[in-house]
Amino acid sequence: MEKNTYQKILIGIVAFVVLLFILKSLVIEPWIGNKIATKFNEKNKDYIIEIDKVHLSIFPYGIEMDSITIYSKQDSVVDRILNGQITSIKLIGISLTKALFKKDIEIGEVIISNTSIKGKIPFPENTRPPIISTLNIRIDRILFNNIELAIQNTSNAAAYSLKEGILNISDFQVEKKDTLTIGLIKQIDFNAKEFLSVSADSMYTHTAKGIICSGDSNTLRADSLSIQPNYKNYDFTARHKYQTDRIEARLSNIYLHGFSAAGYLASKKLVSSYVEIGKLEVSAFRDKRKNFHHIKKAVFQDMIYDYPGMINIDSIGIMSGNISYTEHAEKANEPGTVTFDEVNARIYKITNDTVYKTEKDYLKMKAEARLMGKSRMTVFLKGRIFDRQNTFSLNGSLSEMDVNVLNPMLEKNAFIYATSGRIDKLNFSFTADNTKASGKMILLYHDLDIAVKNKRTDNTTALKEQVTSIIANIIILD
């Protein structure tokens, strides 16, 4: 009799557990999923969310939502077309007692897996009213695992994309009545295969590849960073009414030491103990046949001071690089180019810290390169930080070289061609500020002989050009 009683109790417990799991799977979990989706859809006028499945766990208490889909409502405005899929969202270690009795949200871990969002939306331009938290929220860890984004702005050509992104946020805390801002994030770890952005005017694409950002070590690394114009030289300049520079650049093996991603996101704080650029490739092009429109530009010191956050970079090292500048002169048939190869540079003390309004310190740059791949050039720049006139000095020198090395620029831009001659030495120094510049240059050379070119035909043998060449060579000091 006692044995039968135990069996009945055991069968009852098993039946209750089975019934509980059936209710959980068939009733409670679908009800929770519908409740979450309904609440979201009621409060959002532009998008709809659908949740395929919801799973509850008891030990530890948590909830998992699988196959979440987000898409634009059919009656929504046409400038909001968005489609998103999330494989799963897991909330692990939810504190039920704090949620039920204190109305606080405390979660051990949130894992959001395989997020893919594509679409076109208007990017916010005006400042929106701040969102105030109505609860105390604490999440030990938020992990976005594998993020794929492709978002375009419907107002202009701006666009952003992210491939294979991983974002890990640690110790996220919000107090009741706190303003919800990105500044609440204290530590970020971020990896991505590629991040790409297109400028609002469609002229440039910026791409960063192989990004690794560590909050523990305060380092940021990128395999490469490129600034790529979306149009070729003359197509690019044709889209501007006046002369403009087309800049193409690629930086490789970039390291930022002592850099806080959380600090940058919160207040645009750009701080680093040392920035290293393994290789720098820059090419610039200007079409001087177009009209020139003078615009007063800020000197480099003011550009640093006007940065909307703090800048404090102890030093930047450029290990190697090549720089080229191409210019199509007003009456030239073809553009001329000057190059600086094997560039190596160090820049010290890039800062807008206002402490240097009273303390004396200097921004400095030391650089060397080979002009046209031949002659060694060195330059040294120095400017006091927060000098009222933005005064700076630049000194440099050039070692000996044959003058005809400069012909790729001289014959296209100055319409002369060096047939012989050698530069023995060149030294220059000048000082400049907001209003003026002054300096001197000493150029030592010998056996210089030039030929003048016809601007229209590039001919150097016509009678006019030959006579002009003879006169020019007589005038030139030996």
Side-chain angles (χ1 to χ4, degrees), residues 194-199 201-211 220-237 239-240 243-256 270 272 274-288 290 297-301 303-304 307 311 313 315-329 334-348 350 363-381 383 392 394 396 398 405-406 408-409 412-413:
E194 179 184 278
F195 176 74
L196 180 149
S197 69
V198 178
S199 61
D201 59 5
S202 81
M203 301 305 288
Y204 284 98
T205 296
H206 306 85
T207 306
K209 294 185 177 182
I211 307 166
L220 173 63
R221 173 192 168 189
D223 290 341
S224 66
L225 173 64
S226 65
I227 302 171
Q228 180 65 46
N230 293 325
Y231 305 95
K232 294 182 179 179
N233 284 351
Y234 295 102
D235 292 334
F236 185 95
T237 56
R239 292 173 179 269
H240 293 82
Q243 292 180 25
T244 188
D245 290 318
R246 176 191 182 272
I247 307 293
E248 184 174 351
R250 178 181 172 84
L251 292 73
S252 305
N253 298 325
I254 308 159
Y255 293 86
L256 277 75
L270 189 53
S272 175
Y274 176 58
V275 178
E276 180 177 301
I277 300 170
K279 190 169 185 180
L280 171 69
E281 300 281 348
V282 179
S283 61
F285 172 78
R286 176 177 281 252
D287 189 349
K288 299 200 75 174
K290 300 182 72 70
K297 295 182 179 180
V299 294
F300 67 89
Q301 294 103 316
M303 295 173 66
I304 296 172
Y307 178 75
I311 296 181
I313 302 174
S315 61
I316 299 175
I318 301 173
M319 302 296 102
S320 66
N322 300 295
I323 300 172
S324 68
Y325 173 70
T326 302
E327 181 178 285
H328 198 138
E334 297 178 12
T337 300
V338 60
T339 64
F340 301 90
D341 307 297
E342 300 178 24
V343 175
N344 182 282
R346 295 289 189 277
I347 308 172
Y348 303 93
I350 305 99
L363 182 150
K364 299 176 183 178
M365 181 188 74
K366 298 178 180 179
E368 60 180 29
R370 288 196 178 274
L371 177 61
M372 306 299 281
K374 300 292 184 179
S375 178
R376 176 65 62 185
M377 172 178 276
T378 61
V379 294
F380 176 70
L381 179 146
F392 69 94
L394 184 67
L398 181 70
V405 171
L406 300 175
M409 174 59 81
K412 300 296 193 304
N413 293 72

Student: State, yes or no, whether a side-chain contact exists between Arg370 and Met377 at a heavy-atom distance under 4.5 Å.
Tutor: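 Result no, sub-4.5 Å side-chain heavy-atom pair not found.
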Student: Take a 6.0 Å sphere around NZ of Lys279 and say whether it holds more than 12 heavy atoms from other residues, nucleotides or ligands.
Tutor: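 At most 12 heavy atoms, drawn from other residues, nucleotides or ligands, come within 6.0 Å of this atom.
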Student: What distance separates Asn253 CG from Ser224 OG, expressed to the nearest 0.5 Å?
Tutor: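 The distance works out to 9.0 Å.
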Student: What pair of heavy atoms forms the shortest contact from Ile227 to Pro229, and how long is it?
Tutor: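 The answer is O-CD, 3.7 Å.
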Student: Nearest 0.5 Å please: distance from the CG atom of Leu251 over to the CG atom of Leu225.
Tutor: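 Here the interatomic distance stands at 5.5 Å.
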Student: Between CD1 of Ile350 and CD1 of Ile304, what distance do you get to the nearest 0.5 Å?
Tutor: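 Those atoms lie 7.0 Å apart.
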Student: Please report the closest heavy-atom contact between Gly373 and Asp341, naming both atoms and the distance.
Tutor: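 Heavy-atom minimum between the residues: N-OD2, 2.8 Å.
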Student: Find the distance between CG (Leu394) and CE (Met365) and round it off to the nearest 0.5 Å.
Tutor: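 Going from CG on Leu394 over to CE on Met365, the span is 6.5 Å.
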Student: Is there a side-chain contact between Thr205 and Leu196 (heavy atoms, below 4.5 Å)?
Tutor: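 Yes - at least one pair of side-chain heavy atoms lies under 4.5 Å apart.
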Student: Can you find a heavy atom in the side chain of Leu371 that is under 4.5 Å from one in the side chain of Phe340?
Tutor: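 The answer is yes, as the side chains (C-beta and beyond) meet within the 4.5 Å cut-off.
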Student: Do Leu363 and Gln301 touch side chain to side chain, with heavy atoms closer than 4.5 Å?
Tutor: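 The answer is no; the side chains never approach within 4.5 Å.
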Student: When you look at CE of Met303, are more than 12 heavy atoms from neighbouring residues, nucleotides or ligands closer to it than 6.0 Å?
Tutor: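 12 or below, so no.
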Student: Taking the six-membered ring where the residue is Trp, are the ring centres of Tyr234 and Phe285 under 6.0 Å apart?
Tutor: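 Centroid distance Tyr234-Phe285: below 6.0 Å, so yes.
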Student: Which is it for Glu342 and Arg376 under the salt bridge (Lys or Arg N to Asp or Glu O under 4.0 Å) test, yes or no, and what are the steps along the way?
Tutor: CA-CA 9 Å; Glu342 300 178 24; Arg376 176 65 62 185; 3.7 Å; yes
Student: Using atom types as modelled and distance alone, determine if a side-chain donor or acceptor of Ser272 lies under 3.5 Å from a backbone N or O of Leu256.
Tutor: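 Answer holds: no.
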Student: A side-chain contact here means heavy atoms from C-beta on lying under 4.5 Å apart; do Ile347 and Leu381 qualify?
Tutor: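 Of all side-chain heavy-atom pairs linking Leu381 with Ile347, none is under 4.5 Å.
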Student: Quick check for you: to the nearest 0.5 Å, what is the distance between Gln243 atom CD and Thr237 atom OG1?
Tutor: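 Reported to 0.5 Å precision, the distance equals 10.0 Å.
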Student: Determine whether a donor-acceptor pair (N or O, by modelled atom type, separation under 3.5 Å) exists between the side chain of Asp245 and the backbone of Ile247.
Tutor: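 No; judged by distance alone, with no hydrogens or angles, the pair does not exist.
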Student: Would you please say whether a donor-acceptor pair under 3.5 Å links the side chains of Thr337 and Thr326?
Tutor: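 Looking only at side-chain atoms, Thr326 and Thr337 do form a donor-acceptor pair, the distance falling under 3.5 Å.
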Student: Any donor-acceptor pair under 3.5 Å linking the side chain of Arg246 with the backbone of Tyr231?
Tutor: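 A pair under 3.5 Å: yes.
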Student: Nearest 0.5 Å, what's the CE-CZ distance between Met203 and Arg239?
Tutor: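 It comes to 6.0 Å.
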Student: In the structure I gave you, are the side-chain heavy atoms of Thr207 and Ser226 within less than 4.5 Å of one another anywhere?
Tutor: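 The answer is yes, as the side chains (C-beta and beyond) meet within the 4.5 Å cut-off.
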Student: Answer yes or no: is there a donor N or O on one side and an acceptor on the other, between the side chain of Glu194 and the main chain of Lys209, under 3.5 Å?
Tutor: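 Answer holds: no.
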Student: Kindly give the heavy-atom pair with the smallest separation between Pro408 and Val405, and that separation in Å.
Tutor: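 Minimum heavy-atom separation between Pro408 and Val405: CD-O, 3.2 Å.
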Student: Specify the closest pair of heavy atoms between Gly278 and Met319, including all atoms of both residues, with the distance to one decimal.
Tutor: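 Answer, listing the atom of Gly278 first, then Met319: O-CB, 3.3 Å.
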Student: Could you walk me through whether Arg286 and His328 pass the side chain to side chain contact (heavy atoms under 4.5 Å, CB included) test, one step at a time?
Tutor: CA-CA 6 Å; Arg286 176 177 281 252; His328 198 138; over 6 Å; no
Student: Decide yes or no for Asn230 and Val198: does some side-chain heavy atom of the first lie under 4.5 Å from some side-chain heavy atom of the second?
Tutor: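 Heavy-atom side-chain distance check passes, below 4.5 Å.
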Student: Considering non-hydrogen atoms only, spot the tightest contact between Pro335 and Lys412 and give its length.
Tutor: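 Scanning both residues, the minimum pair turns out to be O-CG, 3.4 Å.
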Student: Taking side chain as C-beta onward, heavy atoms only, is Val282 less than 4.5 Å from Val343?
Tutor: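 No, side chains not in contact.
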